[in-house]
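Please read the structure below before turning to the comments.
Remember, predicted model here, so these are calculated numbers, not experimental data.
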Amino acid sequence: VQLQASGGGVVRTGGSLRLSCAASGRIFDIASVSWYRLAPEQEREFVAMIRHVHSITDYADSVKGRFTISRDNAKNTVFLQMNSLGPEDTAIYYCMATVQSMSQGPYRDYWGRGTQVTVSS
């Protein structure tokens, strides 16, 4: 299973970006997909998650009301719409998917390589 994150870039404060996380490979079911971010000299931070069941979502308090996570099941792709960006959102954004590769098989976590988001003031 491979995860390809894309959509990062440089944006001014108040701007928007839309990240994508595309999963490929041997996939039977994707239980959930999450976004995390890692800023310089900080610990990895949970950003948002979307579950397969009922597309239940969860967000870090720091992004609630600004970020929206969604999914396109047909394309095994998850999106993170980020609005009202500020310098505090500057980080490398990683997606992580919990994937079952075969029926009745175990679920495993897979990570993408990350995409850089830089917000200038």
TODO: Kindly work out whether a path of hydrophobic side-chain contacts (I/L/V/M/F/W/Y, heavy atoms less than 4.5 Å apart) joins Ile92 to Leu85.
DONE: no
Task: Atom of Ser121, atom of Arg12 and distance for their closest heavy-atom approach - done: O-NH1, 4.5 Å
Task: Interatomic spacing from CG in Asp109 to CE in Met96 - rounded to 0.5 Å - done: 4.0 Å
Task: Atom of Arg26, atom of Val99 and distance for their closest heavy-atom approach - done: O-CG1, 4.4 Å
Task: Nearest atoms (heavy-atom pairs only) where Trp35 meets Ser20 - done: CH2-O, 3.5 Å
- [ ] Dump the intermediate steps for ring pair (Phe, Tyr, Trp, His ring centres under 6.0 Å) on Tyr36 and Phe46, then the final yes or no.
- [x] CA-CA 4 Å; Tyr36 289 80; Phe46 166 79; 5.7 Å; yes
Task: Within-4.5 Å side-chain heavy-atom neighbours: Val117 and Leu19 - done: yes
Task: Atom of Ala5, atom of Cys95 and distance for their closest heavy-atom approach - done: CB-SG, 4.1 Å
Task: Any Val47 side-chain heavy atom under 4.5 Å of Tyr93 side chain - done: yes
Task: Leu38 side, atom CG; Glu43 side, atom CD - distance, nearest 0.5 Å - done: 9.5 Å
Open item on the list: Just by distance, no angles: are the side chains of Thr77 and Asp72 close enough, under 3.5 Å, to form a donor-acceptor pair?
Closed with: no
TODO: Grab the two heavy atoms, one from Asn83 and one from Ser16, that are nearest each other, plus how far apart they are.
DONE: OD1-OG, 2.9 Å
TODO: Spell out, as yes or no, whether a donor-acceptor pair under 3.5 Å connects the side chain of Thr13 to the backbone of Ser120.
DONE: yes
Task: Between Ser62 and Glu45: side-chain donor-acceptor atoms closer than 3.5 Å - done: yes
Task: Heavy-atom side-chain contact between Val78 and Ile50 under 4.5 Å - done: yes
TODO: Say whether, by atom type as modelled, one donor and one acceptor occur between the side chain of Thr98 and the main chain of Ala31 under 3.5 angstrom.
DONE: no
Open item on the list: Arg71 vs Ser55, test: side chain to side chain contact (heavy atoms under 4.5 Å, CB included). Steps then yes/no.
Closed with: CA-CA 8 Å; Arg71 65 191 295 168; Ser55 292; 4.0 Å; yes
Open item on the list: As an exercise, state the distance from OG of Ser24 to CD of Gln2, rounded to the nearest 0.5 Å.
Closed with: 4.5 Å
Open item on the list: A quick test of your reading: do over 12 heavy atoms of other residues, nucleotides or ligands sit less than 6.0 Å from CZ of Arg51?
Closed with: no
TODO: Please answer: with hydrophobic residues joined when any side-chain heavy atoms are less than 4.5 Å apart, are Met49 and Tyr110 in the same cluster?
DONE: no
- [ ] State the OG1-CD distance between Thr115 and Gln4, to the nearest 0.5 angstrom.
- [x] 8.5 Å
- [ ] For Gln100 and Gly105, indicate whether the former's side chain and the latter's backbone hold a donor-acceptor pair under 3.5 Å.
- [x] yes
TODO: Answer yes or no: is there an ion pair linking Asp89 with Arg37, defined by an N-O contact shorter than 4.0 Å?
DONE: yes
Open item on the list: Minimum heavy-atom separation for Leu3 and Ala97, please, with both atom names.
Closed with: CD1-N, 3.5 Å
Open item on the list: Is any side-chain heavy atom of Thr90 closer than 4.5 Å to one of Gln116?
Closed with: yes
- [ ] Could you tell me the separation between the OG1 atom of Thr68 and the CZ atom of Arg18, rounded to the nearest 0.5 Å?
- [x] 11.0 Å
Task: Close side-chain approach of Phe79 to Ser70, heavy-atom, < 4.5 Å - done: yes
TODO: Report the distance from atom CD1 of Ile27 to atom CG of Asn76, rounding to the nearest 0.5 Å.
DONE: 4.5 Å
- [ ] Check the angle between the aromatic planes of Tyr94 and Trp111 and answer parallel, tilted or perpendicular using the 30° and 60° thresholds.
- [x] perpendicular
